Amino acid sequence: MKKQVLVSGGAGYIGSHVTVELIEAGYDVIVADNMSNCDLTCFEGVKKITGRTDLPFIKMDFCDKAAVDQLFTDYKIDAVIHFAAFKAVGESVAEPLKYYSNNLISFMNVLDAARTHGGCNVLFSSSATVYGEAEVLPVTEQTPRLPSTSPYGNTKQMCEDILRDSVKAYEGIHGIALRYFNPIGAHPSALIGELPRGVPNNLVPFITQTAIGKRECLSIFGKDYPTEDGTCLRDYIDIVDLAKAHVAAVSRMVNGKMEKEYEIFNVGTGRPVSVYELVTKFEKVNNLKLNYKFVDRRPGDVMAIWADTKLANEKLGWKAERTVEETLAAAWAWEKHLAENR
Ligand code: UDP
């Protein structure tokens, strides 16, 4: 019998790519989302890519404890991947309570339902933000977490801890936290991708929206960092590669391959790329000129972070495969697809 995976926040950017890869790997998927930060574009795209017109979709809020419990009653869930969360760093500083209540309560509801329904494998979508400005690079999973500079980052650390403590206390719950570096790009079909609401906070959607003419000019935040070209270094991970890491982590859990009941993996490429390099690569691979200017540093940005990926490579048998160029071409194809279809 096929294993069933519940994907909370499954209609969003990462959730939709993960759903595609899970289905292609032979899992049954239940997509659940409250649609607070997305529309049905990506869910429809997932159905098209996979041919699964009957893919279950449940519109629900994971802060609704009874609804989460009902879901675990209605379906036999072998694993849950929890994406449902708010993710805007700036907004979290302005509205901390909104972030703490949504991100923590929804996750605790999932864990409580998992506990009361006889246990479950739980994959939490964490972030490299937990490392802050690390002293030693690249960061390994042993690199100490640093106090977060935003409520958003705090919720990632807190949810990791809640998962760690829950697997220890409750029999039958196993957990993996995946710490994402900078997910970018889109599915090669250009049927799903990132759909930011309003002005994008993240670099790549800002680049593609500038290239298509939706934004006038990209601001590159800071050119006086002590890096080779003066701009920040990040580890940009292709969204499909990232999605495949989830499939590897789920199969490790459902096949009883975990070495501890709670494990953490970095999900990155291990390759630092500067903001300026990314911009010039985008121009080159897509054969266009981007309007950009250098402006002051953005408060809260770390200068450099990239992943040591050895643990994920060895234990998950997973490795990032796509080149930055391929990823940037896919991001641009998605932006053009949106322009032609909206
Ligand atoms: N960045 C930029 N201009 C933008 C958005 C981002 O120069 O409009 C830079 C940002 O300062 C950082 C990098 O791009 O160095 C990645 O930022 P993003 O917000 O995408 O992810 P973060 O690393 O902050 O999670």
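In listed order, ligands and their atoms are each counted from 1. What you are looking at is a predicted structure, and each value in this text was computed from that prediction instead of being measured.
A centroid separation of less than 6.0 Å is found between the aromatic rings of Phe107 and Phe124. Checked against the 6.0 Å centroid criterion, the rings of His246 and Tyr27 do not qualify as a close aromatic pair. Aromatic rings from Phe57 and Phe43 are positioned such that their centres are separated by under 6.0 Å.
Residue contact check: Cys232 has heavy atoms under 4.0 Å from atoms 15 (O) of ligand 1. Near Ile220, the atoms of ligand 1 lying under 4.0 angstrom from a non-hydrogen atom of the residue are 7 (O). The contact set between ligand 1 and Val275, taken as ligand atoms under 4.0 Å from a residue heavy atom, comprises 7 (O), 9 (C), 13 (C), 14 (O), 15 (O).
For atom 12 (C) of ligand 1, the closest non-hydrogen atom on the protein side is Arg234 NH2, 3.7 Å. Arg298 NH2, 2.8 Å is the protein heavy atom nearest to atom 19 (O) of ligand 1. When only non-hydrogen protein atoms are considered, atom 22 (P) of ligand 1 lies nearest to Asn182 ND2, 3.6 Å. The nearest protein atom to atom 2 (C) of ligand 1, hydrogens excluded, is given as Phe221 CD1, 3.3 Å; this is a heavy-atom distance. From the protein, the heavy atom lying nearest to atom 3 (N) of ligand 1 is Ser219 O, 2.7 Å. Among protein heavy atoms, atom 18 (P) of ligand 1 sits closest to Asn202 ND2, 3.5 Å. In terms of protein heavy-atom proximity, atom 16 (C) of ligand 1 is nearest to Tyr236 OH, 3.7 Å.
Residue contacts with ligand 1, taken as heavy atom pairs separated by less than 4.0 Å, involve Asn201 solely via the backbone atoms N, CA, C and O. Heavy atoms of Arg297 found under 4.0 angstrom from ligand 1: none, in either backbone or side chain.
Neither side chain, Tyr99 nor Asn154, offers a donor N or O lying under 3.5 Å from an acceptor on the other. Between the side chains of Asn266 and Thr309, no donor-acceptor pair of N or O atoms lies under 3.5 Å.
Residue Glu228 qualifies as open at atom CD: its count of foreign heavy atoms under 6.0 Å is 12 or below.
In this structure, Arg297 satisfies the cation-pi test against Tyr225, with its NZ or CZ atom closer than 6.0 Å to the six-membered ring centre and inside 45 degrees of the ring normal.
When the heavy-atom distances from atom 11 (O) of ligand 1 to Thr210, Leu203, Asp301 are ranked, the shortest goes to Asp301.
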Show, in sequence, the C-alpha distance, side-chain angles and deciding distance for Tyr276 and Lys223, and conclude whether the side-chain contact (heavy atoms from CB on, under 4.5 Å) test is met. CA-CA 9 Å; Tyr276 183 66; Lys223 64 161 188 222; over 6 Å; no
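Linking ILVMFWY residues whenever their side-chain heavy atoms come closer than 4.5 Å, directly or via other members, leaves Phe221 and Leu218 in distinct clusters.
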